[in-house]
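Scroll down for the structure; my scribbles are underneath it.
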Amino acid sequence: MDSVEVDFNQDRPAASARPTGVAGIEVQGLVKQFGPVTAVESASFQIQPGEIVGLLGHNGAGKTTTMRMICGVLPPTAGVITVAGYDIVTHRRQAAARVGYLPESSPLYPEMRVREYLGFRARLYGVQDAKAAIEKSVDRCGLEAASSRLIGQLSRGYRQRVGLAAAILHDPEVLVLDEATSGLDPLQVIEVRKLIEELSSDRTILLSTHVLSEVETICDRVVLFARGRVVAEGDLETLRSRSKSGAGASLEDVFVELTAQAFLEAGP
Ligand code: ATP
C-alpha cells in the first residue's frame with residue numbers, strides 16, 4: 001500500500017525542539033534511477049510554509065516519483081529532501097509525521113465503511129486518540145453524511161474526500177496530492193478543489209495536475225518538470241514573463257514552450 005507506515009507518535013519531538021524558519025518542503029539535487037531509467041535528474045525546489053504549489057509536467061516527467069520520495073515511500077538515489085526541516089532519509093519518522101499523501105490511486109477498500117476505513121488508517125499511522133482524529137477528518141472533509149456508507153458505493157468525488165480525510169488523520173502540516181481531481185466530473189472537481197483550498201488554510205500543499213486551469217485557480221506558484229528536471233519555477237506572472245509571447249501568454253503557452261525547449265536541449 002502507498003502509505004507511510006510509521007508510528008507517528010513515537011520519537012515525535014516537542015515543538016520547542018523543532019527547527020524554526022524552515023521551508024515546508026525543500027528538495028536539493030534529487031535523483032531517482034530505476035535501473036537504466038533516470039526518472040528524476042537533479043531536481044531542486046523549495047515550498048514555503050502555507051503555499052499551494054502546483055507540480056506540472058508531461059506524462060513521465062517525474063512528478064509522481066518526486067512526490068513519492070518527498071513522502072518517504074520511495075528512497076532517493078541521491079539528493080536531500082526535508083519536510084518541515086526534517087530530512088526524509090535521516091529523520092524519516094519526524095518527516096513522515098509531518099506529511100500526508102494522497103496517491104494517484106488512493107488505496108481505498110470498497111467493502112469497508114468510511115469510518116471503519118479511517119479507523120484502520122489511524123491504527124496504521126499509530127495516531128493517538130484515533131476517535132477524535134477521525135471525527136476531525138470527517139468534519140473537515142465534509143464526510144459526515146457518508147461516514148457510515150460503504151466506500152464502494154460512494155461517488156468518485158466522495159472517494160477522493162475519503163482519501164483526503166485519511167491523508168490528514170495524523171494532522172500533517174504538509175500535504176502532497178497526486179492528481180487529486182483526475183477522473184472526477186466537473187462538479188466533483190469544483191468540490192474537491194474547494195476542499196483542497198480549505199485544507200490549505202493551515203497547511204503547505206504540493207499538488208500535481210495536468211489541468212492548467214486548476215493551477216491558475218488555486219496555486220500560488222508552479223514547479224514545472226520536464227524529463228526529470230525542474231525547467232521553470234515561480235508564480236504565474238514570472239512564468240508568463242519568461243514566455244516568448246510575453247505577459248499576455250496563457251499558462252498553456254508557457255507550459256508548451258518551456259517543455260519543448262527542455263526536449264530540444266536534451267536531444268532524442
Ligand atoms: P504521469 O503524469 O504520467 O503520472 P509522472 O510525471 O508522474 O507521469 P513518473 O510516474 O514519476 O512521471 O515517471 C517518471 C519516469 O520514471 C517514467 O519514465 C516512468 O516510466 C519511470 N518510472 C516510474 N516508476 C518506475 C518504476 N517503478 N520502475 C521503472 N521505471 C519507473
Side-chain angles (χ1 to χ4, degrees), residues 1-5 25-47 52-81 83 88-89 96 99-108 156 159-160 163-164 167 174-184 189 192-193 196 205-219 221-234 239 251-252 254-268:
M1 180 192 290
D2 250 353
S3 60
V4 185
E5 296 180 37
I25 300 173
E26 183 162 9
V27 171
Q28 279 288 342
L30 188 65
V31 177
K32 184 66 192 180
Q33 200 81 37
F34 293 108
V37 177
T38 305
V40 178
E41 191 180 347
S42 196
S44 301
F45 59 91
Q46 265 198 19
I47 300 180
I52 305 190
V53 172
L55 193 55
L56 291 183
H58 58 85
N59 286 336
K63 304 179 297 293
T64 296
T65 305
T66 299
M67 290 180 137
R68 298 184 78 205
M69 289 190 281
I70 290 170
C71 297
V73 173
L74 199 64
T77 305
V80 176
I81 299 169
V83 174
I88 193 74
V89 175
V99 63
Y101 179 37
L102 181 72
E104 200 174 346
S105 309
S106 196
L108 299 177
R156 287 178 79 109
R159 285 207 292 270
Q160 276 307 66
L164 283 164
V174 174
L175 267 184
V176 174
L177 312 176
D178 198 353
E179 298 195 28
T181 57
S182 152
L184 303 182
V189 167
V192 170
R193 260 185 215 160
I196 293 170
I205 296 189
L206 175 64
L207 62 88
S208 73
T209 179
H210 284 292
V211 185
L212 300 182
S213 62
E214 185 152 293
V215 174
E216 293 184 295
T217 314
I218 62 175
C219 294
R221 276 195 315 120
V222 169
V223 174
L224 175 60
F225 262 68
R227 300 187 72 149
R229 288 174 169 267
V230 176
V231 294
E233 190 186 347
L239 291 194
L251 182 55
E252 198 170 34
V254 177
F255 177 87
V256 170
E257 231 177 73
L258 294 171
T259 303
Q261 202 175 313
F263 271 83
L264 273 177
E265 283 167 10

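Order of appearance sets the numbers: ligands from 1, and atoms from 1 within every ligand.
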Salt bridge (Lys or Arg N to Asp or Glu O under 4.0 Å) partners of residues 29-47, not counting sequence neighbours, each pair once: Glu41-Arg229

Pairing residues for Gln261 by the side-chain hydrogen bond (donor to acceptor under 3.5 Å, both in side chains) criterion, not counting sequence neighbours: none

Minimum heavy-atom distance between Ile47 and Arg221, given as atom pair plus value: CA-NH2, 3.8 Å

Shell of residues surrounding ligand 1, defined by a 4.0 angstrom heavy-atom cut-off that is strict: Phe34, Ala39, His58, Asn59, Gly60, Ala61, Gly62, Lys63, Thr64, Thr65, Glu104, Glu179, His210

Side-chain heavy-atom pair Glu179, Met67 within 4.5 angstrom cut-off: no

Sub-4.5 Å side-chain heavy-atom contact between Val192 and Leu164: yes

Residues in salt bridge (charged side-chain N to carboxylate O under 4.0 Å, His left out) contact with Glu252, at least two apart in sequence or another chain: none

